[in-house]
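Values reported hereafter were calculated over all heavy atoms of this structure, with side chains retained and with hydrogens, waters and symmetry mates removed.
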Amino acid sequence: MTSVEYPPSIGLCDLMFAPQTAIHRMRTALNNALRGKPEVVEHVLACLLARGHLLIDDLPGLGKTTLAKALAACVGGRFNRLQCTPDLLPGDVTGFSIFNQKTREFEFLPGPVFADVLLVDEINRTTPRTQSALLEAMAERQVTIDNVQHRLSETFFVIATQNPADHHGTYPLPEAQLDRFAMKLRIGYPQREEEMAILAAAVGPRCDGRSPGIDAALRAGDLARLQRRVAAVTVTEAVRGYLVDLAAATRSHREIALGLSPRGLLTWQRVAQARAFLDDRDFVIPDDIQAVAEPVLGVRLGIAGDAPTIIREILDSVSVPTRSRQ
């Protein structure tokens, strides 16, 4: 087995600013909004800190929109919501130019993508042409209108929700669109105790059917600062080799139509860095890579069979580098 030398962890408390309090507040708020799903919450935070975009794919009524709105409230900044419908046009997403009769000039009217957090609700209910309007925004954090580039927020983050493709009136997302998402999550049904708590919380004279307000956990600039710290988390050569070998295993698996691309490999590394950071480490270990494998690979691999089982087969097929003794 390959031996891995890990540097000593500096810990979050040794950073120039103290992010652990903000992260704790975000965890608490998201766990209150989405009861009984702590692993989903950790994945959501990792996706945000990795500067990725998140696709939540599940049945209606399981808390997709509630989770997205709670995360947007935690992050603060500008929040926009785009409700996807079959008649939505690309200009409704990115914005468009109109001619001002007074100034005799064209003026650009920005669309919903000009936000820090964009909730794209039921993305698979709009046409592929409109879905593709998000490609440049998600990949490069900019949009081009009439050959003019318009920059988006440095921390632009898309949270898209979709219902399963076998539901009436949906359009499957193309592979190019799926590859722009860092992770795909499913929430699933809550346990009995959590459903009892949800019912209890909805009873009372002050319950009006709306979600309780959530205060912002981050100050202006904090998210970008956290994301820069995540990008600096160490990935040793042995761990990078482990990632490359896993990517090669996806490309040779008989039940995978589309193997992991280099862009997907970079995304996997970034999300693993974020997972390490959330665990108060400044270096990545194989456990981080394995912990985020299913949501990272599940969104971008054309898997014909049972995705979790196939991803586990891939992880089991590659030798894990061992940590050397200090």
Side-chain angles (χ1 to χ4, degrees), residues 1-27 30 38-54 154-155 157 181-183 185 217-218 221-250 260-300 311-312 314-326:
M1 288 188 177
T2 306
S3 180
V4 184
E5 292 289 341
Y6 294 133
S9 177
I10 60 173
L12 294 181
C13 60
D14 296 326
L15 299 177
M16 292 181 64
F17 74 110
Q20 70 274 12
T21 301
I23 290 176
H24 173 72
R25 289 174 180 169
M26 293 179 71
R27 276 198 182 108
L30 294 182
E39 186 62 22
V40 172
V41 168
E42 288 302 299
H43 285 326
V44 170
L45 291 174
C47 186
L48 175 69
L49 295 178
R51 300 187 84 240
H53 302 289
L54 177 64
E154 180 186 2
T155 57
F157 181 60
F181 290 99
M183 306 173 80
L185 298 179
L218 302 180
D222 278 354
L223 179 55
R225 198 173 295 117
L226 285 169
Q227 290 170 338
R228 288 193 293 269
R229 293 288 182 177
V230 166
V233 169
T234 299
V235 185
T236 63
E237 183 176 357
V239 174
R240 292 197 303 271
Y242 180 52
L243 269 170
V244 170
D245 291 342
L246 287 170
T250 69
L260 190 65
S261 68
R263 179 168 57 198
L265 187 59
L266 285 169
T267 298
W268 197 354
Q269 177 175 269
R270 286 199 305 271
V271 176
Q273 288 175 294
R275 186 74 179 212
F277 189 78
L278 288 170
D279 284 347
D280 197 11
R281 277 181 284 104
D282 65 339
F283 56 90
V284 174
I285 61 176
D287 288 351
D288 300 317
I289 294 167
Q290 296 170 7
V292 300
E294 186 173 333
V296 170
L297 297 181
V299 74
R300 54 183 36 83
I311 291 172
R312 173 45 55 188
I314 292 169
L315 294 175
D316 291 342
S317 69
V318 177
S319 297
V320 180
T322 58
R323 179 173 179 173
S324 63
R325 296 187 178 184
Q326 300 291 329

*Apply the test side chain to side chain contact (heavy atoms under 4.5 Å, CB included) to residues V235 and F283: give CA-CA distance (whole Å), side-chain angles for both, the deciding distance (0.1 Å), then the verdict.*
CA-CA 6 Å; V235 185; F283 56 90; over 6 Å; no

*Using the side chain to side chain contact (heavy atoms under 4.5 Å, CB included) rule, take V320 and L315 through it: C-alpha gap first, then chi angles, then the decisive distance, then the call.*
CA-CA 9 Å; V320 180; L315 294 175; over 6 Å; no

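A heavy-atom distance below 4.5 Å is found between the side chains of L243 and W268. Residues V239 and I285 form no side-chain contact, since every pair of their non-hydrogen atoms from C-beta on lies 4.5 Å or further apart. With a 4.5 Å cut-off on side-chain heavy atoms, V44 and L185 count as touching. Inter-residue side-chain proximity for T267 and F181 is flagged as unmet; no heavy-atom pair is nearer than 4.5 Å. Looking only at side-chain heavy atoms (C-beta outward), Q227 and E154 stay at 4.5 Å or farther from each other. The side-chain heavy atoms of L223 and L49, taken from C-beta on, include a pair separated by under 4.5 Å. Side-chain contact between D279 and D287 is absent, with no heavy atoms from C-beta onward closer than 4.5 Å.
Formation of a donor-acceptor pair under 3.5 Å by the T155 side chain with backbone atoms of A224 is not found in this model. With R300 contributing its side chain and M183 its backbone, the two residues share no donor-acceptor pair below 3.5 Å. Judged by distance alone, the side chain of R229 and the main-chain N or O of R225 form no donor-acceptor pair under 3.5 Å.
Closest approach of A182 to V271, counting heavy atoms only: CB-CG2, 4.3 Å. Minimum interatomic distance between P295 and A291 (heavy atoms only, all atoms of both residues): CD-O, 4.5 Å. Here the shortest heavy-atom pairing between P321 and A238 reads CG-O, 4.2 Å. Minimum heavy-atom separation, A249 to I314: CB-CG2, 3.9 Å.
No hydrogens or angles considered: a donor-acceptor pair under 3.5 Å links the side chains of Q290 and Y242.
Shown here are the side chain to side chain donor-acceptor pair (under 3.5 Å) partners of E42, two or more places apart in sequence or in another chain: R27. Residues meeting the ring pair (Phe, Tyr, Trp, His ring centres under 6.0 Å) test with H53, sequence neighbours left out: F156.
Here the straight-line distance linking atom CG of L246 with atom OG of S317 works out to 7.0 Å at 0.5 Å rounding. Separation of atoms NE2 (H43) and CG (L48) is listed at 14.5 Å; rounding is to 0.5 Å. Here the straight-line distance linking atom CD of Q269 with atom CZ of R240 works out to 7.5 Å at 0.5 Å rounding.
The only option from Q273, R281, R275 that meets the side chain to side chain donor-acceptor pair (under 3.5 Å) definition with D288 turns out to be R281.
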